[in-house]
Amino acid sequence: MRGAAVRRPRGLPHVEPGAGDGAPHYRENHAFQSAAELSPADRARGEAEVKKVEAGLAGIAEDRRTTEPQLHEALVGPGYGPGSISTGTFGPHRTTFIVELGPICVEGTPDGLVNGLVTAEAHGRYLEGTGCVKPVGDH
């Protein structure tokens, strides 16, 4: 068929490429939660710290009710300074942690609900000035 037109459904909103859940302006609306890029050396160190944290928390990760003090103590064990560790609680059975290591942030959770796994990741500090704590807000 020569000159056939491509038909597009009407009423579909613009979807920004790479836009999380596909909402228009997703990246623009969440830019305040951007983290600094890590240098290759800091990225390598961050990945090494993630492995160190996972190993240090492996013993308590199987406990479905890990408390914040237990989590804090388990992170001091591998040599992290008490002042560099923040913990929190999310829901009835999930504790979270953040370890601040200069430009590197390691955060995650020992997830006793999923076969004793430790979920952790390394990233740069948040550009909004909140350090390693993810900024919250809305508009």
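On a predicted model such as this, the values are computed, not experimentally measured, just so you know. For the numbers below, each heavy atom of this structure counts, side chains included, while hydrogens, waters and symmetry mates do not.
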Does any part of the side chain of [Y], heavy atoms only, come nearer than 4.5 Å to the side chain of [X], both counted from C-beta?
| X | Y | value |
| --- | --- | --- |
| Thr109 | Val118 | no |
| Pro110 | Phe97 | yes |
| Val133 | Ile98 | yes |
| Cys132 | Glu107 | no |

Q. Salt bridge between Arg43 and Glu47, side-chain N to carboxylate O under 4.0 Å?
A.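 Looking at Arg43 and Glu47, the cut-off is met.
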
What closest approach, in Å, do [X] and [Y] show between heavy atoms, and which atom pair accounts for it?
| X | Y | answer |
| --- | --- | --- |
| Ile104 | Ala122 | CG2-CB, 4.4 Å |
| Val106 | Gly46 | CG2-O, 4.5 Å |
| Ile60 | Thr66 | O-OG1, 3.1 Å |

Q. Excluding sequence neighbours, so at least two apart, what forms salt bridge (Lys or Arg N to Asp or Glu O under 4.0 Å) with Glu68?
A.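 With sequence neighbours excluded, Glu68 shows a salt bridge (Lys or Arg N to Asp or Glu O under 4.0 Å) to no residue whatsoever.
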
Q.
Tell me every residue that passes salt bridge (Lys or Arg N to Asp or Glu O under 4.0 Å) with Glu54, counting only those two or more places apart in sequence or in another chain.
A.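 Result, salt bridge (Lys or Arg N to Asp or Glu O under 4.0 Å) vs Glu54: none returned.
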
Q. So, Thr96 side chain and Thr87 main chain: donor-acceptor pair closer than 3.5 Å or not?
A.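 Answer holds: no.
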
Q. Sequence neighbours excluded, which residues qualify as side-chain hydrogen bond (donor to acceptor under 3.5 Å, both in side chains) partners of Arg45?
A.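 Residues passing side-chain hydrogen bond (donor to acceptor under 3.5 Å, both in side chains) with Arg45: none at all.
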
(Q) Please enumerate all residues that pass side-chain contact (heavy atoms from CB on, under 4.5 Å) together with Glu37, with sequence neighbours excluded. (A)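 So Glu37 forms no side-chain contact (heavy atoms from CB on, under 4.5 Å) with any residue.
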
If you look only at distance, which donor and acceptor atoms sit under 3.5 Å apart when one is on a side chain in residues 71-86 and the other is two or more places apart or in another chain?
| from | atom 1 | to | atom 2 | distance (Å) |
| --- | --- | --- | --- | --- |
| His72 | NE2 | Pro82 | O | 3.3 |
| Tyr80 | OH | Glu49 | OE1 | 2.4 |
| Ser84 | OG | Gly81 | O | 2.7 |

